[in-house]
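One structure is given below, encoded as C-alpha coordinates.
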Amino acid sequence: MQQYHSKAGTPLKFHNFFRYILLPLNFISTAITMYQEFSVMTQFTWPYAVDGFFFAVSLILMLSCVVGFFGWKPYSWYSVMAFLGILVVSGICNAAIYAAYVPEELSNSVGQLLVAILEAALIGIYYYKRRPLFFSDAQQGAAGPGVMDARFLDSDDEDDLEIVEEDADAAPEDAESEYAELDYTESEDADSDDEVPEDEVPDDDESDDEESDDDE
(Lines give C-alpha, C1' and ligand atoms only; values in the text may rest on other atoms or scores of the structure.)
Protein backbone atom coordinates (compact mmCIF):
# COMPACT_ATOMS: atom_id res chain seq x y z
CA MET A 1 0.00 0.00 0.00
CA GLN A 2 1.48 3.31 -1.09
CA GLN A 3 2.34 5.80 1.63
CA TYR A 4 2.85 9.54 1.39
CA HIS A 5 6.06 11.05 2.73
CA SER A 6 5.70 14.71 1.77
CA LYS A 7 2.97 17.12 2.82
CA ALA A 8 3.60 19.15 -0.33
CA GLY A 9 2.32 16.43 -2.66
CA THR A 10 -0.21 14.70 -0.39
CA PRO A 11 -4.01 15.17 -0.77
CA LEU A 12 -5.21 16.47 2.61
CA LYS A 13 -8.77 17.61 1.87
CA PHE A 14 -10.34 14.76 3.81
CA HIS A 15 -7.87 15.28 6.64
CA ASN A 16 -9.02 18.87 6.98
CA PHE A 17 -12.67 17.75 6.76
CA PHE A 18 -12.09 15.10 9.41
CA ARG A 19 -10.13 17.49 11.59
CA TYR A 20 -12.37 20.55 11.47
CA ILE A 21 -15.83 19.03 10.93
CA LEU A 22 -16.15 15.31 11.69
CA LEU A 23 -14.10 15.25 14.90
CA PRO A 24 -15.83 18.26 16.51
CA LEU A 25 -19.26 16.93 15.54
CA ASN A 26 -18.45 13.45 16.89
CA PHE A 27 -17.08 14.98 20.09
CA ILE A 28 -20.23 17.05 20.64
CA SER A 29 -22.61 14.22 19.76
CA THR A 30 -20.75 11.75 21.99
CA ALA A 31 -20.82 14.19 24.92
CA ILE A 32 -24.57 14.85 24.43
CA THR A 33 -25.36 11.13 24.15
CA MET A 34 -23.36 10.42 27.29
CA TYR A 35 -25.20 13.14 29.19
CA GLN A 36 -28.64 11.98 27.99
CA GLU A 37 -27.96 8.34 28.83
CA PHE A 38 -26.68 8.97 32.33
CA SER A 39 -29.23 11.69 33.12
CA VAL A 40 -32.09 9.15 32.96
CA MET A 41 -30.16 6.43 34.79
CA THR A 42 -32.07 5.17 37.83
CA GLN A 43 -29.67 2.42 38.81
CA PHE A 44 -26.02 1.98 37.91
CA THR A 45 -25.53 -1.37 36.18
CA TRP A 46 -22.69 -2.93 34.24
CA PRO A 47 -24.07 -1.89 30.80
CA TYR A 48 -23.84 1.71 32.00
CA ALA A 49 -20.29 1.06 33.11
CA VAL A 50 -19.38 -0.28 29.65
CA ASP A 51 -21.01 2.67 27.91
CA GLY A 52 -19.37 5.13 30.28
CA PHE A 53 -15.96 3.61 29.61
CA PHE A 54 -16.36 3.85 25.83
CA PHE A 55 -17.74 7.38 26.06
CA ALA A 56 -14.84 8.60 28.21
CA VAL A 57 -12.15 6.93 26.10
CA SER A 58 -13.68 8.20 22.87
CA LEU A 59 -13.81 11.78 24.14
CA ILE A 60 -10.19 11.65 25.31
CA LEU A 61 -8.97 10.21 22.01
CA MET A 62 -10.89 12.73 19.92
CA LEU A 63 -9.52 15.59 22.00
CA SER A 64 -6.02 14.17 21.58
CA CYS A 65 -6.51 14.08 17.81
CA VAL A 66 -7.68 17.69 17.67
CA VAL A 67 -4.71 18.93 19.70
CA GLY A 68 -2.10 16.71 18.03
CA PHE A 69 -3.16 17.59 14.49
CA PHE A 70 -1.90 21.16 14.97
CA GLY A 71 1.71 20.00 14.95
CA TRP A 72 1.33 16.63 13.20
CA LYS A 73 2.31 14.95 16.45
CA PRO A 74 2.88 11.17 16.42
CA TYR A 75 0.42 10.63 19.27
CA SER A 76 -2.38 12.13 17.15
CA TRP A 77 -1.91 9.34 14.59
CA TYR A 78 -2.11 6.71 17.33
CA SER A 79 -5.16 8.48 18.75
CA VAL A 80 -6.94 8.28 15.40
CA MET A 81 -6.27 4.57 15.08
CA ALA A 82 -7.27 3.90 18.67
CA PHE A 83 -10.47 5.92 18.23
CA LEU A 84 -11.40 3.91 15.15
CA GLY A 85 -10.77 0.70 17.06
CA ILE A 86 -12.96 1.93 19.92
CA LEU A 87 -15.78 2.61 17.48
CA VAL A 88 -15.77 -0.99 16.29
CA VAL A 89 -15.36 -2.53 19.75
CA SER A 90 -18.11 -0.36 21.24
CA GLY A 91 -20.40 -1.28 18.34
CA ILE A 92 -19.80 -4.97 19.00
CA CYS A 93 -20.49 -4.54 22.73
CA ASN A 94 -23.67 -2.56 22.08
CA ALA A 95 -24.91 -5.23 19.67
CA ALA A 96 -24.25 -7.89 22.27
CA ILE A 97 -26.06 -5.90 24.99
CA TYR A 98 -29.07 -5.26 22.76
CA ALA A 99 -29.17 -8.91 21.76
CA ALA A 100 -29.26 -9.93 25.43
CA TYR A 101 -31.60 -7.28 26.86
CA VAL A 102 -33.46 -5.58 23.99
CA PRO A 103 -33.71 -8.02 21.07
CA GLU A 104 -36.21 -5.86 19.21
CA GLU A 105 -33.52 -3.15 18.85
CA LEU A 106 -30.84 -5.56 17.65
CA SER A 107 -31.23 -4.62 13.98
CA ASN A 108 -30.45 -0.97 14.76
CA SER A 109 -27.35 -1.87 16.74
CA VAL A 110 -26.13 -4.19 13.97
CA GLY A 111 -26.62 -1.43 11.43
CA GLN A 112 -24.60 0.95 13.61
CA LEU A 113 -21.90 -1.69 13.92
CA LEU A 114 -21.64 -2.08 10.15
CA VAL A 115 -21.39 1.69 9.72
CA ALA A 116 -18.66 1.79 12.37
CA ILE A 117 -16.69 -0.98 10.63
CA LEU A 118 -16.95 0.76 7.26
CA GLU A 119 -15.95 4.12 8.76
CA ALA A 120 -13.01 2.61 10.62
CA ALA A 121 -11.78 0.79 7.51
CA LEU A 122 -11.91 3.81 5.21
CA ILE A 123 -10.44 6.32 7.64
CA GLY A 124 -7.88 3.79 8.86
CA ILE A 125 -6.60 3.17 5.32
CA TYR A 126 -6.51 6.90 4.68
CA TYR A 127 -4.35 7.64 7.73
CA TYR A 128 -2.21 4.55 7.30
CA LYS A 129 -1.09 5.94 3.94
CA ARG A 130 -0.23 9.24 5.66
CA ARG A 131 1.53 7.74 8.66
CA PRO A 132 5.04 9.02 7.68
CA LEU A 133 3.72 12.59 7.81
CA PHE A 134 3.33 12.26 11.59
CA PHE A 135 6.78 10.78 12.19
CA SER A 136 9.61 13.09 11.13
CA ASP A 137 12.39 10.52 11.73
CA ALA A 138 10.61 7.86 9.70
CA GLN A 139 9.92 10.44 7.02
CA GLN A 140 13.59 11.25 6.62
CA GLY A 141 14.54 7.59 6.28
CA ALA A 142 11.68 6.51 4.06
CA ALA A 143 11.45 9.51 1.78
CA GLY A 144 14.88 9.06 0.21
CA PRO A 145 16.93 11.70 -1.56
CA GLY A 146 14.44 12.20 -4.36
CA VAL A 147 11.52 13.25 -2.14
CA MET A 148 11.39 16.71 -0.63
CA ASP A 149 9.22 17.72 2.32
CA ALA A 150 7.43 21.05 2.37
CA ARG A 151 9.57 22.31 5.26
CA PHE A 152 12.64 22.26 2.97
CA LEU A 153 10.97 24.79 0.68
CA ASP A 154 11.40 28.48 1.36
CA SER A 155 8.88 31.24 0.76
CA ASP A 156 9.43 31.29 -3.00
CA ASP A 157 8.87 27.50 -3.28
CA GLU A 158 12.50 26.86 -4.19
CA ASP A 159 14.39 23.86 -2.99
CA ASP A 160 16.91 25.02 -0.39
CA LEU A 161 18.83 21.77 -0.59
CA GLU A 162 19.52 22.34 -4.26
CA ILE A 163 20.97 25.74 -3.40
CA VAL A 164 23.24 24.14 -0.81
CA GLU A 165 24.33 21.51 -3.31
CA GLU A 166 25.12 24.21 -5.87
CA ASP A 167 27.25 26.04 -3.31
CA ALA A 168 29.05 22.81 -2.50
CA ASP A 169 29.78 22.21 -6.18
CA ALA A 170 31.13 25.72 -6.59
CA ALA A 171 33.34 25.47 -3.51
CA PRO A 172 36.20 23.45 -5.11
CA GLU A 173 36.49 25.93 -7.95
CA ASP A 174 36.71 28.82 -5.49
CA ALA A 175 39.26 26.92 -3.46
CA GLU A 176 41.39 26.23 -6.55
CA SER A 177 41.31 29.88 -7.61
CA GLU A 178 42.26 31.04 -4.12
CA TYR A 179 45.09 28.50 -4.01
CA ALA A 180 46.35 29.63 -7.39
CA GLU A 181 46.34 33.28 -6.31
CA LEU A 182 48.17 32.38 -3.09
CA ASP A 183 50.78 30.36 -4.99
CA TYR A 184 51.32 33.22 -7.45
CA THR A 185 51.75 35.72 -4.60
CA GLU A 186 54.29 33.49 -2.86
CA SER A 187 56.27 33.09 -6.08
CA GLU A 188 56.39 36.86 -6.55
CA ASP A 189 57.62 37.29 -2.98
CA ALA A 190 60.36 34.70 -3.57
CA ASP A 191 61.49 36.43 -6.76
CA SER A 192 61.62 39.77 -5.01
CA ASP A 193 63.80 38.28 -2.24
CA ASP A 194 66.26 36.89 -4.78
CA GLU A 195 66.78 40.25 -6.50
CA VAL A 196 69.90 42.21 -5.39
CA PRO A 197 69.78 46.02 -5.32
CA GLU A 198 71.80 47.70 -8.05
CA ASP A 199 73.87 49.77 -5.61
CA GLU A 200 75.13 46.60 -3.94
CA VAL A 201 76.35 44.99 -7.18
CA PRO A 202 80.09 45.76 -7.65
CA ASP A 203 81.13 47.49 -10.89
CA ASP A 204 83.54 45.57 -13.13
CA ASP A 205 85.71 48.65 -13.84
CA GLU A 206 86.07 49.41 -10.16
CA SER A 207 87.11 45.85 -9.44
CA ASP A 208 89.79 46.01 -12.17
CA ASP A 209 91.21 49.29 -10.76
CA GLU A 210 91.43 47.75 -7.34
CA GLU A 211 93.33 44.76 -8.71
CA SER A 212 95.83 47.01 -10.58
CA ASP A 213 96.52 49.03 -7.43
CA ASP A 214 97.26 45.85 -5.57
CA ASP A 215 99.76 44.79 -8.23
CA GLU A 216 101.67 48.05 -7.92
Side-chain angles (χ1 to χ4, degrees), residues 1-139 142:
M1 186 179 297
Q2 179 185 3
Q3 290 186 322
Y4 296 94
H5 301 276
S6 172
K7 298 184 185 71
T10 302
L12 296 175
K13 291 182 179 179
F14 180 78
H15 168 74
N16 295 327
F17 176 74
F18 180 75
R19 173 184 178 183
Y20 293 110
I21 297 178
L22 283 184
L23 274 180
L25 289 178
N26 282 335
F27 186 90
I28 294 173
S29 64
T30 301
I32 292 175
T33 303
M34 181 179 180
Y35 171 78
Q36 291 176 346
E37 182 171 333
F38 283 90
S39 62
V40 297
M41 180 183 63
T42 57
Q43 183 181 359
F44 186 78
T45 57
W46 70 268
Y48 281 106
V50 173
D51 287 344
F53 171 78
F54 286 123
F55 284 143
V57 173
S58 297
L59 291 174
I60 293 173
L61 291 175
M62 284 187 285
L63 183 61
S64 177
C65 291
V66 172
V67 175
F69 279 157
F70 282 102
W72 293 85
K73 302 298 183 182
Y75 67 81
S76 63
W77 187 86
Y78 289 116
S79 299
V80 171
M81 294 301 178
F83 171 68
L84 298 177
I86 286 293
L87 284 180
V88 176
V89 175
S90 63
I92 295 174
C93 292
N94 286 334
I97 292 174
Y98 277 106
Y101 293 94
V102 192
E104 59 274 12
E105 297 291 337
L106 179 60
S107 58
N108 292 333
S109 63
V110 172
Q112 293 176 358
L113 174 59
L114 295 177
V115 172
I117 293 175
L118 180 61
E119 179 182 357
L122 294 178
I123 299 178
I125 293 173
Y126 178 87
Y127 278 101
Y128 176 78
K129 292 182 177 180
R130 288 149 182 81
R131 184 183 185 277
L133 303 180
F134 294 88
F135 300 88
S136 58
D137 295 337
Q139 178 178 342

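Everything quoted here is computed from the prediction, not taken from an experiment.
- Partners of Tyr126 according to the side-chain hydrogen bond (donor to acceptor under 3.5 Å, both in side chains) rule, which considers only residues two or more places apart in sequence or in another chain, are Arg130.
- Summarising the geometry of Phe38 relative to Gly52, their closest heavy-atom pair is CZ-CA, 3.6 Å, with the distance given to 0.1 Å.
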Leu113 vs Ile92, side chain to side chain contact (heavy atoms under 4.5 Å, CB included): CA-CA, chis, key distance, verdict:
CA-CA 6 Å; Leu113 174 59; Ile92 295 174; 3.6 Å; yes
Under the side chain to side chain contact (heavy atoms under 4.5 Å, CB included) criterion, do Val67 and Tyr75 qualify, and how do the steps go?
CA-CA 10 Å; Val67 175; Tyr75 67 81; 3.7 Å; yes
Assess whether side chain to side chain contact (heavy atoms under 4.5 Å, CB included) is satisfied between Tyr48 and Thr45, documenting all intermediate values.
CA-CA 5 Å; Tyr48 281 106; Thr45 57; 3.3 Å; yes
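- Checked against side-chain contact (heavy atoms from CB on, under 4.5 Å), Phe53 has the following partners two or more places apart in sequence or in another chain: Val57.
- Using the six-membered ring where Trp is involved, Phe14 and Phe17 have ring planes that are tilted, between 30° and 60° apart.
- A pairwise comparison of heavy atoms in Val50 and Cys93 identifies CG1-CB, 4.4 Å as the closest pair.
- Put simply, the side chain of Ser76 never gets that close to the backbone of Trp72: no donor and acceptor are under 3.5 Å apart.
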Please report the C-alpha distance between Phe135 and Tyr78 in whole Å, then the side-chain angles of each, then the deciding distance to 0.1 Å, and finally whether the ring-ring contact (aromatic ring centres under 6.0 Å, His included) criterion is met.
CA-CA 11 Å; Phe135 300 88; Tyr78 289 116; 5.7 Å; yes
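- The nearest pair of heavy atoms linking Leu106 to Ala99 is CD1-CB, 3.7 Å.
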Decide side chain to side chain contact (heavy atoms under 4.5 Å, CB included) for Val110 and Tyr98; before the verdict, give the C-alpha distance in whole Å, the side-chain angles of both, and the deciding distance to 0.1 Å.
CA-CA 9 Å; Val110 172; Tyr98 277 106; over 6 Å; no
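- Listed by first then second residue, pairs satisfying side chain to side chain donor-acceptor pair (under 3.5 Å) with a partner in residues 24-43 number zero, not counting sequence neighbours.
- Annotation: the span from Phe70 atom CZ to Cys65 atom SG amounts to 12.0 Å, rounded to 0.5 Å.
- The backbone N or O of Lys129 sits nowhere less than 3.5 Å from a side-chain atom of Gln2 that would complete a donor-acceptor pair.
- No side-chain heavy atom of Pro132 sits under 4.5 Å from any side-chain heavy atom of Tyr4.
- The structure places CG of Asp51 at 9.5 Å from CH2 of Trp46, a figure rounded to the nearest 0.5 Å.
- For the pair Ile32 and Ile28, the minimum side-chain heavy-atom distance is below 4.5 Å.
- Phe27 is linked by a side-chain contact (heavy atoms from CB on, under 4.5 Å) to Leu59, Met62, Leu63, counting only residues two or more places apart in sequence or in another chain.
- Rounding to the nearest 0.5 Å gives a distance of 6.5 Å between CD1 of Ile86 and CG of Leu61.
- Going from atom NZ of Lys13 over to atom CG of Asn16 covers 10.0 Å, rounded to the nearest 0.5 Å.
- For Arg19, there are no side-chain hydrogen bond (donor to acceptor under 3.5 Å, both in side chains) partners at least two apart in sequence or on another chain.
- Listed here is the closest heavy atom pair of Ala120 and Val88: CB-CG2, 3.7 Å.
- The side-chain hydrogen bond (donor to acceptor under 3.5 Å, both in side chains) check on Tyr127 picks up His15, with sequence neighbours excluded.
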